[in-house]
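For reference, the structure discussed in these notes is given below.
For ligands, and for the atoms within them, numbers begin at 1 and follow the listed sequence. On a predicted model such as this, the values are computed, not experimentally measured, just so you know.
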Amino acid sequence: MSGAKVHREPVERDPVQREPVEREHWNSRAGFVLATIGCAAGLGNIWRFSYVAGENGGAAFLLIYVACIAVLGVPLMLGEFCIGRRAQADAVSSFGSVTRHSAWGVAGWLMVAASCVLLSYYAVIAGWAYKYFAGYLSGVITDTAGGKFADYFNAFVADPFEPVLWQLVVVVSTEVVVVAGVQRGIERFNKILMPLLGATVIVLAGYGLSLDGASKGLTFLFRPDWAALADPAVYFAALGQAFFTLGIGADALLTYGSYAPKGEKLAPAAITVAAGDTLFAVIAGVAIFPAVFAFGLDPAQGPMLAFVTLPEIFSVMPGGWLFANAFFVLLGLAALTSAVSLLEVSCAVLMSRLQWSRRKSAIVMGCVVFAAGVPSALGFGLLAGIQFSGLGILESIDRIASGIVLPIGGLLIALFVGWAWSRTDAIDAAGLPDGSLASAWLFLLRYVSPCLIALIFLWLLFG
Ligand code: PFF
């Protein structure tokens, strides 16, 4: 595979690619970086990070997670960016058009499928956040849940209608942003929203820190219990979380990279996005864990942490109603910016391959992912009987998508950039000077990433 020549014909003349000549681009560097932080920072940083860190020892997990982001995350993110930017095409055409090996198009399709599957259940969980925000704002949750938040949550997710309705609201709001286009929709939306989300999470963290007993939460998050490092499960949880949170392996980074103009410096962008995303998760942790400890609750609550444990805290803490509103707005909007990136992947494919309009592509794909997500939305009520190894529909799909499909996508990116491209082509596509930094990047992609990802699979099969 190594050393295959890059296909260098101009984008417009490539017969396989069928891209419109005028490809949309980001309006500014800040727009590109903020939109990509929007893709990365989502449910993964708030809902998933807090419960996975809670279940896996807090600081020990955080340490390995940050190492995974640096060693695997940043190199793979840069890899995805540079495939898209070099091809200036949708996810499927990109793989085929920048090598002569058209079989690589299959990798593109696989990752597009991953983005659709991910969005199908992502919209369901985002819908829960919307529902909680609406519930707090209108006072319904405070009035009716009466401290019994587990019952409230279970009754809501078991309802045959409501979770589907909120899932639909998420899908429609995602479509609205995507239909408005790369600059006028995705970029403008993220440019306004990301600084706002950053400010919200900082205010929430400040509030968390002001609570009595906050120091216990900080100790949990920042002082590693070295004994926890002996447990292999912590490493795998950190690796899976790193993929999910950065959005690696679902073609979203590739698609956003394809809107980056030729002169854009991709390596600093990848580092900024990874740093911003990690900071977002850590600050969200600072908002959540001091509160969990201050109110004497167990941090290892699992996926219900955000929807059951935190509302319990909000109900007894001073200013809890305001805190609850801010938290669920943050969760819902952060999820929306990620959902937008996931929908954009398949829309870009339809627009360029079938020459569909943006509107038609977004509406059709919105309907497809909505229909695909209905079983996940009903998996706690009408379809609760459907279980796979004791897990419900949504959890099973999440395990497969984030634990298997995204790492496979990451593996394909590593193999493609590391081996299907020659060294010169890869570093040229990344815009890196040919020196030790480029060598380190390629070493991580060629050897370290495939080995670590192979380890995940061995763990899944035999662990
Ligand atoms: N990174 C998002 C989160 O942390 O919630 C999830 C995600 C977005 C995964 C986009 C994959 C992706 F392509």
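- Side-chain contact, Y65 with T278: no donor N or O sits under 3.5 Å from an acceptor N or O.
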Q: Check the pair W166, Y132 against ring-ring contact (aromatic ring centres under 6.0 Å, His included), reporting the backbone distance first and the verdict last.
A: CA-CA 10 Å; W166 287 106; Y132 268 58; over 10 Å; no

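- Taking the six-membered ring for Trp and thresholds of 30 and 60 degrees, Y447 and W419 have ring planes more than 60 degrees apart, a perpendicular arrangement.
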Check ligand 1 for N or O atoms under 3.5 Å from a protein N or O and list each pair with its distance.
from     : atom 1 : to   : atom 2 : distance (Å)
ligand 1 : 1 (N)  : C39  : O      : 3.3
ligand 1 : 1 (N)  : A40  : O      : 2.8
ligand 1 : 1 (N)  : F244 : O      : 2.9
ligand 1 : 1 (N)  : T245 : O      : 2.9
ligand 1 : 4 (O)  : A40  : O      : 3.0
ligand 1 : 4 (O)  : G44  : N      : 3.3
ligand 1 : 4 (O)  : N45  : OD1    : 3.4
ligand 1 : 5 (O)  : L43  : N      : 3.0
ligand 1 : 5 (O)  : G44  : N      : 2.8
ligand 1 : 5 (O)  : Y122 : OH     : 2.5

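- Under the 3.5 Å distance criterion, the side-chain polar atoms of Q167 are left unmatched by any main-chain donor or acceptor of V124.
- Ring centers of F32 and F81: under 6.0 Å apart, within the cut-off.
- There is no side-chain donor-acceptor pair under 3.5 Å between H25 and Q183.
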